[in-house]
Amino acid sequence: MGTQLSSVDIAVIGAGPAGLTAASAVVERDPLASVLVLETASRPGGHAVTTVADGYTFEHGPASIRSLTPEVLAMLERVGLGDRIEEAAASGANAAVWRRGRLHPVPTGLVSAATTGMLSARGKARILAEPVLGRKGPGADETVDEFVRRRFGREAARVLVGAIVQGITGGDARSTGLEAFAPGLWQLDQVAGSGSLAITALRQRRAQRRAAEPAQRVAPAQPVQPVQPVQPVQPVQPAQPARSGPITVRRGGLNAMIDALAAYLGHRLVRGFDACSVTPISTDPAGCRFEITDGTGRRVRTRTVVLAVPARVAARLLASKAPQLAAVLDTIGYTDMRVLGLGYPTKAFRTAPPSFGFLSPPGEGLDIMGVSVSSGVFEGQAPPGRTLLRVFAGGAFSPGMVDASTEAALARAARDLRRVLTVSARPEFVRDVVLRQAIPQYGRRHAETVRQLDRLLLELPGLRLTGNSYRGVGLKDTISEAERLGRSLAGAGRQARPGPAGGEDHHARHQ
Ligand SMILES: Cc1cc2nc3c(=O)[nH]c(=O)nc-3n(C[C@H](O)[C@H](O)[C@H](O)COP(=O)(O)OP(=O)(O)OC[C@H]3O[C@@H](n4cnc5c(N)ncnc54)[C@H](O)[C@@H]3O)c2cc1C
């Protein structure tokens, strides 16, 4: 790309999983659309980076997609990975929580919940007393911690839910907004009102089961209608049902997904384009509504611009021409993370680690916030006889672990691993990744912030936001939303295509 003007139907800024997915969905549905994906780095993928070395497959950032939604499946099939989907061998049910100097398996049923040593007798009694003691909430702007304390008590909030929020976002449940972090739970709480959350959940589940039953019972009994084509007997389902456990891509991990998306987009992916401003324009003959510039004077004009960058970057791009939108975007904060990849001979562990890993609730005396056992979750991520750990540190509770040198961070992690996972050998595989401003933090008012952004976007037709800053921090939500956005943009307005005399088609011109 030279220093002059390109002109396209759709420009996506940011080639992380969101931007790549949205662009690929447009291209599949509307192959004639001119689409460019502008990425500042030399490689696409954002936080999705995989190192494959010495027989280990180490994911620097995301390691799995929490479940296979129809949208995720559609994207993987589009890029030719439908037959390489690998389901996890372990799930959250195989995880443990570090509490009072011991690992406790995550309770998976009533009996294990009643007998777990993870919570005190009082803490467990308070959970069970939810139908009596649970109270109605304020309806909006409540944090996850406040919600759990109101319904299930203080200990459940700190130990169970504090660990989960920290494990997913690196953040603090006391400042994480319930509606944005767990919209399903927030809705359930609204329905339950002053009644019991647990009983409302049971009723809803029963009602859903009943709603599904008649179709299942009646369909097989329907008389055969010889003159009609055979009707399917199952209740209506998406073309491919979503699978519920975590997934990755066999052979290559999430890098393989990024590479396949990049290959699918081909020349439409422009690397090394560090966007520095997005300016609304009104006088373009081809009907473009925005001009994007980078630091070297390159310009791209487009009818639709999709900002698939973190909200703080979107704020910077829009600061001078859409200051109100930029100011709201800038309220979304981020936390830093450190991920250590450590590979050991399996026999170095005196006791086998929980196959999914463990979480450490804030305040339990560890420098690390948890460990994922990569080789337990997905087969083949470590050589035979070896165990690969991903050790997470930093976040809201131990920022010092991000600033520490590699040696210091490794030493502190080694101390915790000796204590929790009974491993004192030196790892034979070591990788250290520091990720600044890695994960967006959905604050108390995040859901309202997103609604405010939606309202402000109405004033800038053609400008769209996607990515994990808004409606879900993980890949499942990020990819699903980007896929739906891409589909909705396909065919939503092309540049006028001049006749042969015009000498130009509407595809991106790289001058
Ligand atoms: C340590 C860690 C572990 C995680 N683990 C999981 C997990 O196991 N499962 C899961 O589902 N999720 C996980 N996540 C979350 C997951 O990484 C995100 O959901 C996902 O990366 C978000 O994708 P995105 O496209 O929105 O943003 P990003 O991945 O941040 O991509 C944004 C892209 O925009 C580019 N960009 C930025 N500025 C500019 C600019 N000015 N011009 C052009 N391009 C620009 C960036 O280079 C980048 O490529 C984890 C995250 C971290 C940090």
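Order of listing sets the numbers, starting from 1, for every ligand and every atom in it. Computed from a predicted model, the values in this text were never measured in an experiment.
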Ligand 1 N/O to protein N/O, distances under 3.5 Å:
unit_1: ligand 1; atom_1: 8 (O); unit_2: A63; atom_2: N; d: 3.1
unit_1: ligand 1; atom_1: 9 (N); unit_2: S64; atom_2: O; d: 2.7
unit_1: ligand 1; atom_1: 11 (O); unit_2: S64; atom_2: O; d: 3.3
unit_1: ligand 1; atom_1: 11 (O); unit_2: L475; atom_2: N; d: 2.6
unit_1: ligand 1; atom_1: 19 (O); unit_2: N468; atom_2: ND2; d: 3.4
unit_1: ligand 1; atom_1: 19 (O); unit_2: V473; atom_2: O; d: 2.6
unit_1: ligand 1; atom_1: 25 (O); unit_2: P17; atom_2: N; d: 3.2
unit_1: ligand 1; atom_1: 25 (O); unit_2: A18; atom_2: N; d: 2.9
unit_1: ligand 1; atom_1: 26 (O); unit_2: N468; atom_2: N; d: 3.0
unit_1: ligand 1; atom_1: 29 (O); unit_2: H47; atom_2: N; d: 3.2
unit_1: ligand 1; atom_1: 41 (N); unit_2: D274; atom_2: OD1; d: 3.3
unit_1: ligand 1; atom_1: 41 (N); unit_2: A275; atom_2: O; d: 3.0
unit_1: ligand 1; atom_1: 42 (N); unit_2: A275; atom_2: N; d: 3.1
unit_1: ligand 1; atom_1: 44 (N); unit_2: T40; atom_2: N; d: 3.1
unit_1: ligand 1; atom_1: 47 (O); unit_2: E39; atom_2: OE2; d: 2.6
unit_1: ligand 1; atom_1: 49 (O); unit_2: E39; atom_2: OE1; d: 2.7
unit_1: ligand 1; atom_1: 49 (O); unit_2: E39; atom_2: OE2; d: 3.2
unit_1: ligand 1; atom_1: 49 (O); unit_2: G46; atom_2: N; d: 3.3

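D145 CG to E142 CD: the interatomic distance, rounded to the nearest 0.5 Å, is 9.5 Å. For the atom pair CG of N468 and CD of E481, the computed distance is 10.5 Å after rounding to the nearest 0.5 Å.
A salt bridge does not link E379 with R250: none of the charged nitrogens is closer than 4.0 Å to a carboxylate oxygen. Using a 4.0 Å cut-off between charged nitrogen and carboxylate oxygen, E59 and R390 do not count as a salt-bridge pair. With salt bridges taken as basic N to acidic carboxylate O contacts below 4.0 Å, one links E291 and R301.
Evaluated for a salt bridge (Lys or Arg N to Asp or Glu O under 4.0 Å) with E448, the options R444, R451, R445 yield exactly one hit, R451.
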